[in-house]
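These notes are about the structure you will find just below.
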Amino acid sequence: MNGTCGWPPSSANSASSDTIIRQRHASAGRNRARGEEFEAMDVLSDRYQSSDYDVIENQLHTEDEQLLAKQKIPKFIWQLEMKRWFVMLLIGMTTAAIAAGVDICIDVLAGSKYSLVASYFAHKVDDISILIPFFLWMGIDVVFVFLAAMLVVYGEPVAAGSGIPQIKCYLNGVLVPHVVRFKTLLCKVIGIIFAVSGGLAVGKEGPMIHAGSVVAAGVSQGKSTTFRRDLKIFRDFRTDHEKRDFVSGGAAAGVAAAFGAPIGGVLFSLEEGASFWNQSLTWRIFFASMTCSFTLNVLLSYYNGNPWSLSSPGLINFGEFTGIDYHGYEILLFLLMGVIGVCWAAFNAINYKITVFRMKYVYRGSMCVMEVIVIAILTVSLSFLSIYLGKDCQPVTQYVENPLQLFCGDGEYSASASLFFSTPEESVKTLFHAREGSISFLTLLPFCVIYFLLATLTYGLSIPSGLFIPCLLAGAAWGRLFGMFLHYLSPTPEVFSACGLYALIGAAAQLGGVIRMTISLTVILMEATHNITYGLPLMLVLITAKWVGDIFNHGLYDIHIELHSVPLLHWGPPPVSSHIKASDVMNHPVVTLNTIENVGRLMDILLKNDHNGFPVVDPYDETRILGGTFRGLIIRSQLSVLLKNKAFTSWPTSNEPRKRIQLDDFRNEYPRFTEIADISITDRERECSIDLRPFMNPSPYSVSKEASLPRMFRLFRALGLRHLVVTDGHNRVVGIVTRKDLARYRYNSHRNRGLEELPIVSI
Ligand code: ATP
């Protein structure tokens, strides 16, 4: 059984995943030999394909529209719009059902684990027998995380991590293979249940965003390739463009489910994911988020025994912050906490180093599973040691889940146990709401350091793992410490707000410092705390943390994207790049096709080149003077459908195609088109010809050789292009530009390298 860790290679390439992992490993070795430290980030992989968001306005498309124009067109438009809303409704409800399922399963599994171990802790507190609950605890965690790791490594490697970097790539226009497949969803959902129940420093919130996106990609297509079922509905949505819009809605619904933050969800999709946006899409995404939050609320309140009390809009509940106000002058202190974002740049730097190490040395399936088990053992051991050594006894209060008495007196519990012996969500709540003085400095300091290290080690393991909760928890710990320190310094306790508020600000600073989101995080935290007055401090601290962190490195999601050599197009072109022209960027000579092409030549070209787009040109005349004029663009997937359906002439001498192709022929195949190598073409068919004009896009975007890099970049970003053809003054094709050609220009301010050009390699 061969397992893999890390994002899988493109299915379009013939090399096996194992070969690619070896290549990646070898290239990391070469880079090391060159003595350059961060080389893994300095290349782009040619194994990622792009989405095509440009509408192909070919003859088929125009004829289809004309047909509708003769019919009752307002009815059609109305129906299409209604279908879009209906799909968003389904996305919201399905994501909520999955989120509720995950929450309930974790509640049952983790709850049973803690009750069982706690019952042993209750009786075995002398020096030797206390090892019994310790080993029991460790045994249960190891089994749980083993199952989570097996699902990822041998099931679907792309289900590892939070999934947010992969979804960000998807919405940017890069197809990370398998990222929105049903199998990925299954491994992600079951994996996160075991990973959280197994006590690792992970949250279930990030994976919900991935889950919502997969649901959206599946529901909106009305068919499942995995189950070979086509419901023959939503056929109009079988384009990259429509699917992307639904995936934005799914990601937003995921945030709404995770935090009970529907507006935060919309803003998350806007800030982190969507490259392309419009007003009606905003409405639909908001609708999906709201539906999701409401459905989850109904399901969870029913599960919690209070049907229709509607008090559980999200998976995480930060509790009520009522009665905790802040003074105006404390804003300066909050800003200072944002500046401590320097430490959170360290979080990213440490995790970066660990990830590079993993890519070089921990790349076989069995090694990845072993690594997860080792980290689980480390987590339990450090937690146990902290509980065992921490003699911080406090009277039992309402915010303590699974209170462990251990060496404390009756009616008391161990404060370190309340932090370490609990799910991360419960520990966050404890830090936000525990009474002043109920957690000592000596309990919080080791917790803060240990959890920080565990979180850096855990993110990037081969398990589904969210980053939000570990960051919130580590940040809440140091934030509370900061608050306690201020209270210690102040002559009267009223001078500073409650430590719980400082814990919240610390949590925001850490989260902002690690993932570098500002608007959406501010709103998510405001919605999760149900408190609008914290809006300003949260925004200030998040912006400061981002600014300070950005001086040192990128956000953690971007670091992971760069480590996987993804050709992501950022918000804007690299600065000072307008001197770079299309003639410098483009690839040439260009592989072109003739408007009327010979089937044999077409097959040979497609088999020999792995390009996905081909400019279509007039063939040269006999004098070889006229011709080569640019007529349109056709993509490989279209050619695959045409060849598979034998849309060429019946005889070499004939002019009529053997079969008339409809738009539905393309929709039925979407998104998994037949590989050209799997299409059988006889020798006689090779002699036939195919007229590409009805199928090609007759008006694709093109630029002159003089076009600057920023101009081409903006075209790609704004229109979601996949290919841009470069033509000369006579409209002849002289070059072609794809997203990889643009993404390889990068301004590297962190290593003072200025504008650099990354190579495109096969890793
Ligand atoms: P994508 O992978 O983004 O879906 P693609 O496979 O067509 O699209 P790339 O893999 O980005 O294109 O292209 C790799 C390199 O090949 C780029 O430098 C690009 O300019 C070049 N290229 C793409 N299409 C052609 C073509 N038809 N003829 C010549 N070079 C091409």
Side-chain angles (χ1 to χ4, degrees), residues 3-9 21 24 40 48 102 145 148-171 174 176-181 183-196 198 200-214 251 254-255 258 268 272-273 347-348 350-359 362-363 365 368-369 371-372 375-376 424 454-471 511 514-517 554-566 568:
T4 325
C5 334
W7 300 7
I21 297 294
R24 186 173 283 176
Y48 294 101
V102 167
V145 301
M150 290 295 280
L151 276 167
V152 168
V153 172
Y154 298 100
E156 193 48 86
V158 81
S162 70
I164 295 176
Q166 291 93 325
I167 293 302
K168 182 172 171 166
C169 293
Y170 183 92
L171 294 175
V174 183
V176 176
H178 304 187
V179 73
V180 288
R181 292 216 180 150
K183 193 175 164 198
T184 308
L185 176 67
L186 214 61
C187 294
K188 187 118 210 164
V189 166
I190 305 177
I192 194 65
I193 293 172
F194 285 123
V196 175
L200 289 174
V202 298
K204 53 186 182 278
E205 286 68 20
M208 278 308 112
I209 298 164
H210 190 178
S213 306
V214 184
V255 176
F268 174 86
E272 195 63 4
F347 183 103
N348 293 7
I350 298 170
N351 186 268
Y352 170 77
K353 292 262 185 197
I354 294 169
T355 310
V356 171
F357 179 86
R358 279 185 183 131
M359 290 170 85
V362 190
Y363 55 92
C368 300
V369 176
E371 191 196 9
V372 174
I375 300 291
L454 285 177
T456 46
L457 274 174
T458 307
Y459 190 73
L461 285 178
S462 293
I463 43 156
S465 55
L467 192 58
F468 284 88
I469 289 297
C471 286
L511 196 53
V514 172
I515 62 178
R516 313 280 160 83
M517 296 187 322
H554 293 297
L556 200 55
Y557 294 145
D558 287 330
I559 288 178
H560 278 255
I561 288 172
E562 286 181 16
L563 275 172
H564 286 87
S565 314
V566 180
L568 194 90

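For clarity, every value in this text was computed on a predicted model and none was experimentally measured.
The two residues Thr456 and Ile354 have their closest heavy-atom pair at O-CD1, 3.8 Å. Looking at every heavy atom in both residues, Ile463 comes nearest to Val145 through CG2-O, 4.3 Å. Of all heavy-atom pairs spanning Ala148 and Gly191, the tightest one is CB-O, 3.4 Å. Here the closest heavy-atom approach between residue Leu467 and residue Leu511 is recorded as O-CD1, 4.4 Å. In this structure, Cys368 and Ser462 approach most closely via the heavy-atom pair CB-OG, 3.5 Å. Scanning all heavy atoms of the two residues, the minimum distance from Cys169 to Val566 falls at SG-CG1, 3.7 Å.
When side chains are defined from C-beta on, Thr184 does not count as touching Val180, because their heavy atoms never get closer than 4.5 Å. Side chains of Phe194 and Pro464 form no contact here, defined as non-hydrogen atoms less than 4.5 Å apart. Within the 4.5 Å cutoff, side-chain heavy atoms of Leu461 are placed close to those of Arg358. A heavy-atom distance below 4.5 Å is found between the side chains of Met150 and Val369. The side-chain heavy atoms of Lys188 and Val214, taken from C-beta on, include no pair separated by under 4.5 Å.
Atom CG of residue Asp558 and atom CZ of residue Arg516 lie 9.0 Å apart, to the nearest 0.5 angstrom. Interatomic distance, His554 NE2 to Glu562 CD, rounded to the nearest 0.5 Å: 4.5 Å. Note: Asn348 CG to His560 NE2 = 8.0 Å, rounded to the nearest 0.5 Å. Atom CG in Leu200 sits 5.5 Å away from atom OG1 in Thr458 (nearest 0.5 Å). Between the CD1 atom of Ile190 and the CG atom of Leu151 there is a distance of 6.0 Å, given to the nearest 0.5 Å.
Relative orientation of the Tyr557 and Phe468 rings is tilted, given thresholds of 30° and 60° on the angle between their planes.
Judged purely by atom type and a 3.5 angstrom limit, Thr355 uses its side chain to pair as donor or acceptor with the backbone of Asn351. At distances below 3.5 Å, not a single donor-acceptor pair connects side-chain atoms of His210 with backbone N or O atoms of Gly206. No donor-acceptor pair under 3.5 Å is formed between the side chain of Lys204 and the backbone N or O of Ala258.
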Go through Ile469 and Val202 one step at a time and tell me if the side-chain contact (heavy atoms from CB on, under 4.5 Å) criterion holds. CA-CA 7 Å; Ile469 289 297; Val202 298; over 6 Å; no
